[in-house]
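Quick note on labels: first sequence line is chain A, next is B, and so on, each numbered from 1. As the structure is a prediction and not an experimental result, all values here were calculated from the model.
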2 protein chains.
Amino acid sequence: MTEAITHLKVPMEEQRLCLGPDGSVAHVSHVLATIGGRWKLPILFRLFAQPAWRPSQLLRDIDGISQKMLTQHLRDLEADGLIARHDFGEQPPHVEYTLTDAGRDLMPALMAVRDFARRHQS
Amino acid sequence: MTEAITHLKVPMEEQRLCLGPDGSVAHVSHVLATIGGRWKLPILFRLFAQPAWRPSQLLRDIDGISQKMLTQHLRDLEADGLIARHDFGEQPPHVEYTLTDAGRDLMPALMAVRDFARRHQS
DNA sequence: CAGCATCCCTCTGGATACTG
DNA sequence: CAGTATCCAGAGGGATGCTG
């Protein structure tokens with residue numbers, strides 16, 4: 001590689017769509033921030049594979065997670081509108097978590113990321 | 001919401017596809033790790049909007065980035081196969097970065113994430 | 001121009017123990 | 001069972017200055 005790289009022109013529209021304070025970068029960054037926690041994907045994918053989980057089930061099923069991080073991530077995901085908390089008000093306590101419509105709508109995008117990873121598996 | 005949530009059955013195939021050491025979670029997590037740096041999306045989207053950039057251009061164009069983080073992220077992205085470094089061996093130094101085929105292939109997945117963010121913009 | 005080295009600080013997340 | 005509180009170590013990243 002000793003030859004200068006051709007700088008193909010790209011329409012300014014494309015640039016504005018990608019960059020800037022409210023462009024693609026900001027949108028994607030925001031989503032990545034909401035799913036960026038250490039255990040958020042394991043939680044989301046479980047709620048996708050099986051619609052309702054109790055915290056104790058997740059705690060047992062997700063290997064290595066602590067109760068503190070489970071609760072914290074569930075709170076975050078709920079605040080970001082990806083999952084919903086259902087309290088049955090029973091004694092002993094009974095709580096279940098499910099994906100929201102937004103949470104379900106996110107999964108195809110994550111599958112696109114997964115498919116990319118599969119295509120370029122090392 | 002006082003009624004028990006119906007636990008719809010999901011095929012075991014789906015579960016194995018999503019979870020486990022080599023399932024979707026691992027794949028997506030790996031990709032998120034490679035693009036998770038503070039300035040990696042700004043870099044990738046710029047290389048997507050315009051094919052070749054010199055480090056000094058990126059340093060001027062990406063508001064707030066330091067030279068240390070620019071170099072570090074460029075190294076990481078190169079090691080992960082998303083971008084390529086082209087050294088023209090001139091004096092003064094002349095280096096350009098471009099997306100690799102893999103890097104270009106990643107963008108549609110990121111666009112899917114962006115479109116999700118747009119649909120659910122708050 | 002491209003890149004490296006050092007210091008420092010914040011934030012995430014792990015371990016542990018406790019409450020209703 | 002569901003959730004909270006505290007302490008603490010490590011990674012990520014900002015500021016600054018230097019080299020070929």
d(CG, A:L59; P, C:dA15) in whole Å: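 After rounding, the reported distance stands at 12 Å.
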Sugar-phosphate, base or nothing in reach of A:E90, heavy atoms under 4.0 Å: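 Contact class for A:E90: none.
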Residue-phosphate contact under 4.0 Å: A:S56 side-chain N/O, D:dA2 OP1/OP2: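 Answer yes for this pair, as a side-chain N or O of A:S56 is under 4.0 Å from OP1 or OP2.
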Nearest-nucleotide comparison on DNA chain D, the residue closer to the 5′ end among A:V95 and A:K68: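 Its nucleotide being nearer the 5' end, the pick is A:V95.
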Spacing of B:R54 atom CZ relative to C:dG3 atom P, expressed in whole Å: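 Going from B:R54 (CZ) to C:dG3 (P), I get 10 Å.
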Side-chain touch A:L74/A:Y97, heavy atoms, less than 4.5 angstrom: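 Yes; the side chains approach each other to less than 4.5 Å.
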Donor-acceptor pair, side chain of B:D87 and main chain of B:G89, under 3.5 angstrom: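 Yes, the answer is positive, given that a donor and an acceptor are paired below the 3.5 Å cut-off.
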C:dG14 OP1/OP2 closer than 4.0 Å to side-chain N/O of A:W39: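 A:W39 to C:dG14 OP1/OP2: side-chain N or O found under 4.0 Å.
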Heavy-atom donor-acceptor pair, B:T98 side chain to B:A52 backbone, under 3.5 Å: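 Judged by distance alone, no pair lies under 3.5 Å.
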Check: A:L47 main-chain N/O paired with A:Q50 side-chain donor or acceptor under 3.5 Å: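 Checked: no pair found.
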D:dG12 phosphate, OP1 or OP2, under 4.0 Å from B:H73 side-chain N/O: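 Checking D:dG12 against B:H73, no side-chain N or O comes under 4.0 Å of OP1 or OP2.
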Whole-Å gap separating C1' (C:dG14) and CG (A:D63):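 Checked: the CG to C1' distance equals 14 Å.
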Sugar-phosphate only, base, or nothing, as touched by B:R60 at under 4.0 Å among non-hydrogen atoms: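 Nothing, no nucleic acid heavy atom in range.
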Of the listed nucleotides C:dG13, D:dG3, C:dC4, the one nearest the side chain of B:R75: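 So the nucleotide nearest the side chain must be C:dC4.
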Whole-Å gap separating C1' (D:dA2) and NE2 (A:H94):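 Taking atom C1' of D:dA2 as the reference, NE2 of A:H94 is at 11 Å.
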Side-chain N or O of B:R38 closer than 4.0 Å to phosphate OP1/OP2 of D:dG12: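 Looking at the OP1 and OP2 atoms of D:dG12, neither is under 4.0 Å from any side-chain N or O of B:R38.
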Under 3.5 Å: donor-acceptor pair, side chain of B:K40, backbone of B:T34: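 Such a contact is found between B:K40 side chain and B:T34 backbone.
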Nucleotide of C:dG3, C:dC1, D:dC1 approaching A:P93 most closely (side-chain heavy atoms):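 From the listed options, D:dC1 comes nearest.
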Sugar-phosphate, base or nothing in reach of B:G37, heavy atoms under 4.0 Å: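 Counting heavy atoms under 4.0 Å across all strands, the contact made by B:G37 is with sugar-phosphate only.
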Sugar-phosphate, base or nothing in reach of B:Q91, heavy atoms under 4.0 Å: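 The residue B:Q91 makes no contact with any strand.
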Rounded distance (Å) that lies between atom P of D:dG13 and atom CD1 of B:I62: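 Taking CD1 of B:I62 and P of D:dG13, I get 13 Å after rounding.
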Side-chain N or O of A:R85 closer than 4.0 Å to phosphate OP1/OP2 of D:dG3: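 Looking at the OP1 and OP2 atoms of D:dG3, one of them is under 4.0 Å from a side-chain N or O of A:R85.
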B:M69 side chain, from C-beta outward: closest of C:dC4, D:dG14, D:dG3: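 Closest of the options to the side chain of B:M69: D:dG14.
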Whole-Å gap separating P (C:dC11) and CD (A:Q72):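 So the CD-P distance, A:Q72 to C:dC11, works out to 13 Å.
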A:W53 side chain vs A:R46 backbone, donor-acceptor pair below 3.5 Å: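 It does hold such a pair.
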Nearest-angstrom distance from the residue atom OH of B:Y97 to P of C:dA2: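 Atom OH in B:Y97 sits about 9 Å away from atom P in C:dA2.
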Sugar-phosphate only, base, or nothing, as touched by A:S66 at under 4.0 Å among non-hydrogen atoms: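 Touches nothing.
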Gap between atoms CG and P, on A:D87 and C:dG20 respectively (whole Å):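 From A:D87 CG to C:dG20 P: 17 Å.
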